[in-house]
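Worksheet: one structure, shown below.
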Amino acid sequence: MDLRQGIGLRKLGMTPDEFQQDLLSNLYYRRGTTVESASARDAYETLSQTVRDRLAERRARTAAAHYASNPRWVYYLSAEYLLGAQLEQNLLYSGTGELAAEAVKALGFSLEDVEDLDVEPGLGNGGLGRLAACLVDSMATRDIPAVGYGIRYDLGIFRQSIAEDGQTEHPDDWAFQGNPWEFPAPDDRQTVGFYGHTEPLPGSPARKRWVPGEIVLGEPSHMLVPGFGTETVNIIRLWKAHASEASFDLTSFSAGQYAEAVQEAVRAENISKVLYPDDSTELGRELRLKQQYFLVSCSLRDIIRRFRLRNEGWDTFADKTVIQLNDTHPTIAIPELMRLLVDEYELDWDAAWQITRKTFAYTCHTLLPEALETWPVRMFEKLLPRHLEIVYLINMLFLREVEARFPGDHDRLRRMSIIQEEPDRRVRMAHLAVVGTEAVNGVAELHSKLLRETVLDDFAELWPAKFQNVTNGVSPRRFMRIANPRLADLITEGLGDDGWIRDLDRLAELEPLADDASFLERWWAIKRANKVDLAAGDPDSLTDVMIKRFHEYKRQQLKLLHVITQYHRIREDPGGDWVPRTVLFAGKAAPAYHAAKDIIHLIATVGARIAADPVVSPYLKVVFPSNYNVSLAERIIPAADLSEQISLAGKEASGTGNMKLALNGAVTIGTLDGANIEIRARVGAENFFLFGMDAYQAAQTRLDGYDPRRHYDQDAELRAAVDALTSGVFGDVGHRVAGSLLGRDEYLTLADYRSYIQCQDDVEVAWRDQARWTRMSVLNTALSGFFSSDRTVADYAARIWRVSAVPVPRED
Ligand code: F58
């Protein structure tokens with residue numbers, strides 16, 4: 001039998017009996033235990049295996065279909081993936097939820113007990129990492145042949161605890177008890193070099209030999225990424241660093257010097273030890289650059305290996321391959337592909353450059369100048385000497401191109417160079433990414449526009465066609481169907497079927513139901529039930545949520561000023577007719593970002609003070625659940641009434657939490673920033689609470705010489721709020737935050753304060769009219785279908801990747 005004609009395997013059973021049998025067989029033969037002694041963990045592991053096998057069978061058929069069609073592939077390179085918990089998603093995508101519940105019940109457990117043991121791999125920091133997870137989900141759902149490459153960090157994003165003194169970080173040893181969702185693939189191990197020197201090679205002067213000074217092994221494992229409502233199962237491949245055998249120093253060990261004996265091995269394995277929660281410290285920067293090259297080197301060799309399974313030569317490489325760079329973290333892939341093609345495969349420079357440029361595309365996720373990565377030339381040279389030579393050559397040829405277009409414009413050459421000269425010599429990764437790719441995109445309309453007008457304006461002038469926008473999106477499976485089953489069921493009932501989960505534009509068919517009183521009642525009741533489940537506060541109060549990383553530009557401090565203002569108002573008029581609010585903050589701050597940690601600390605302190613105040617606490621409650629992650633987001637989002645998206649305009653590239661909240665019927669209060677603008681345009685201005693300056697007004701305010709004191713002096717309520725911080729009640733941290741607001745107030749918090757407070761007053765007027773509010777909520781859901789990551793992926797596929805779907809035949 002030629003196995004390549006099919007997968008050579010019978011389909012796994014989907015009756016309760018067959019599923020149960022497979023679970024038992026996994027319990028006995030793989031887990032090596034018995035029904036009598038099975039623990040909840042045994043049940044979790046065996047259930048995961050039983051579900052995984054069903055996906056693995058689809059995976060085998062997917063691989064067969066892909067092999068047969070030799071398609072154009074998308075390779076998504078990302079240093080981060082915030083995948084969320086796997087079991088519930090895989091139950092849904094494999095259609096085994098009910099079978100599973102029955103089967104574990106027979107072992108004496110509930111499905112919820114077992115799901116509680118499913119730890120989410122926190123291999124990302126925030127939006128960018130979660131976007132990667134949504135995009136791979138949607139690529140599989142859209143039958144796009146794709147592999148996501150990343151790093152298998154031993155320790156993911158830190159676990160956060162919150163106390164009245166703020167945030168404390170703890171290591172996240174997420175796979176401590178094993179990870180049933182991954183398949184190690186030691187045979188596909190790769191060898192990665194670092195340091196060393198280069199030597200000339202005879203023949204072409206462009207070629208060099210790189211003699212690395214350190215060798216590390218990259219061992220892959222993969223996780224399955226099923227599509228929803230389709231047969232495709234793609235994979236993400238995550239690399240873990242291993243020391244080579246030679247790194248163990250037997251002589252030292254024999255002499256009893258155990259630490260020395262493993263020193264080199266420890267150094268090697270540190271590469272994939274921990275996810276960087278921070279880009280603001282100098283410490284360990286070299287290790288981060290090492291991580292980036294490690295990811296790139298392993299992944300590119302794997303991509304080439306896969307290309308060669310069906311293709312020969314290099315002529316078709318760029319036709320069969322598109323590599324999407326998720327921000328600049330994997331940008332060394334550009335010089336690395338040049339090195340492989342020129343030095344190892346002996347292509348001439350121009351041919352190699354043509355291939356390279358055609359292969360890559362780059363997504364930028366920021367506008368903050370300090371978040372644009374640069375590496376000191378000296379560090380780059382020491383770690384990757386050959387790559388620096390290649391970057392120099394790329395830069396020289398690029399600057400020649402600029403000079404030809406703009407002769408004599410030396411200032412422009414200096415601005416555009418891949419190498420920054422002043423104040424110190426650095427490699428500008430965003431410039432390298434723009435020069436070495438065919439397409440560059442921002443992640444929301446405004447962001448893409450501002451990239452063209454500001455940060456990358458010179459490049460947009462040189463290559464206007466290269467610059468595109470692809471507005472972000474989120475997975476409706478995870479953030480609606482799984483997170484909010486009550487609402488999903490009501491929507492399915494309203495629309496007549498559940499096809500909307502794969503075709504989110506269909507939510508628009510809910511629009512007429514926004515005028516149906518009984519539908520509105522049910523909608524309201526679901527929101528209330530979700531609040532009861534969340535148990536964060538009074539389910540009849542306005543649940544006001546701000547969930548995202550802590551950063552000054554996102555302005556959690558503005559929300560805090562509103563809380564304090566509300567506190568003052570209630571104290572002044574305890575008998576007033578106040579709208580009860582539960583204000584929920586969640587999110588992590590980078591461990592070295594002291595200003596952000598101060599804000600967390602202050603929120604916790606203010607929250608405790610309000611809780612202790614019998615006059616105010618019936619109307620105002622601040623809650624701060626610790627350790628915000630995907631699983632916690634899935635509990636908070638369905639319960640939210642009001643979505644806080646209050647960044648200073650021009651700073652938030654897109655946001656994706658804003659989309660998740662709108663899709664779950666939270667109404668946004670927000671600035672004209674990132675994707676808020678597109679949300680407002682779709683749900684309608686009357687269903688969105690807008691306040692504050694726009695990006696151009698904010699820029700102008702700065703140019704005019706912004707003085708936060710002016711606002712403080714002129715606005716009594718603002719003054720009272722800021723003064724409360726320095727009254728002594730909130731200690732040093734109150735002084736520090738107030739000092740920063742009155743000093744520089746970099747993100748113009750005080751300038752937007754009054755407009756924000758007025759807008760919050762409008763929110764309360766709307767909230768008092770339950771029918772009006774619920775109507776707004778329904779319309780937010782109905783008109784946000786555009787924000788499905790399925791649409792995002794369709795946009796990338798059509799405009800950037802130019803790939804087509806390869807459907808996987810169903811096996812009956
Ligand atoms: C985020 N960036 C943007 N960076 O801030 C957000 O507006 C956007 O919606 C999202 O990307 C997806 O496009 C982001 O999450 C990071 O997490 C950095 C990763 C590297 C370390 C520092 C944080």
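Given the structure is predicted, the values throughout are model-derived calculations rather than measurements. Just follow the structure's listing: the first ligand is 1, and inside any ligand the first atom is 1.
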Notebook entry, point to check: For the residue pair Phe459 and Tyr362, is the inter-centroid distance of their aromatic rings smaller than 6.0 Å?
Noted result: no
Next item on the list: Answer with yes or no whether the side chains of Gln292 and Glu373 bring together a donor and an acceptor at under 3.5 Å.
Entry: yes
Note to self: In terms of relative ring orientation, are Tyr75 and Tyr149 parallel, tilted or perpendicular, with 30° and 60° separating the classes?
What the structure shows: tilted
Notebook entry, point to check: What part of His551, side chain, backbone, both or neither, has a heavy atom within less than 4.0 angstrom of ligand 1?
Noted result: neither
Next item on the list: Please identify which atoms of ligand 1 are closer than 4.0 Å to at least one heavy atom of Ala653.
Entry: 7 (O)
Margin query: Please list, in number order, the atoms of ligand 1 under 4.0 Å from a heavy atom of Asn472.
Written below: 8 (C), 9 (O), 12 (C), 13 (O)
Item checked: Side chain, backbone, both or neither: Asn125 near ligand 1, heavy atoms under 4.0 Å -> side chain
Notebook entry, point to check: Just checking, Lys290 and Phe194: is the charged tip under 6.0 Å from the six-membered ring centre and within 45° of the axis?
Noted result: yes
Check: Which atoms of ligand 1 are found less than 4.0 Å from any heavy atom of Tyr553?
Finding: 5 (O)
Notebook entry, point to check: Looking only at distance, does Gly129 have an N or O less than 3.5 Å from an N or O of ligand 1?
Noted result: no
Next item on the list: Using a strict 4.0 Å threshold on nitrogen-to-oxygen distance, state whether Glu182 and Lys240 make a salt bridge.
Entry: no
Next item on the list: Return yes if a side-chain donor-acceptor contact under 3.5 Å exists between Gln700 and Tyr696, otherwise no.
Entry: no
Notebook entry, point to check: Is Glu80 touching ligand 1 with its side chain, its backbone, both, or neither, if touching means heavy atoms under 4.0 Å apart?
Noted result: side chain
Next item on the list: Under 4.0 Å from a heavy atom of Glu652: give me the atoms of ligand 1 that qualify, with their elements.
Entry: 3 (C), 5 (O), 6 (C), 7 (O)
Margin query: With salt bridge (charged side-chain N to carboxylate O under 4.0 Å, His left out) as the test, pick out the partner of Glu438 among Lys466, Arg799, Arg802.
Written below: Arg802
Item checked: NZ or CZ of Arg452 within 45° of Phe467 ring axis and under 6.0 Å -> no
Notebook entry, point to check: For ligand 1, is there an atom lying under 4.0 Å from some heavy atom of His329?
Noted result: yes
Margin query: Distance under 4.0 Å to a non-hydrogen atom of Val443: what atoms of ligand 1 satisfy this?
Written below: 13 (O)
Margin query: Suppose I only count heavy atoms of Arg288 and a 4.0 Å limit; which atoms of ligand 1 are within that range?
Written below: 20 (C), 21 (C)
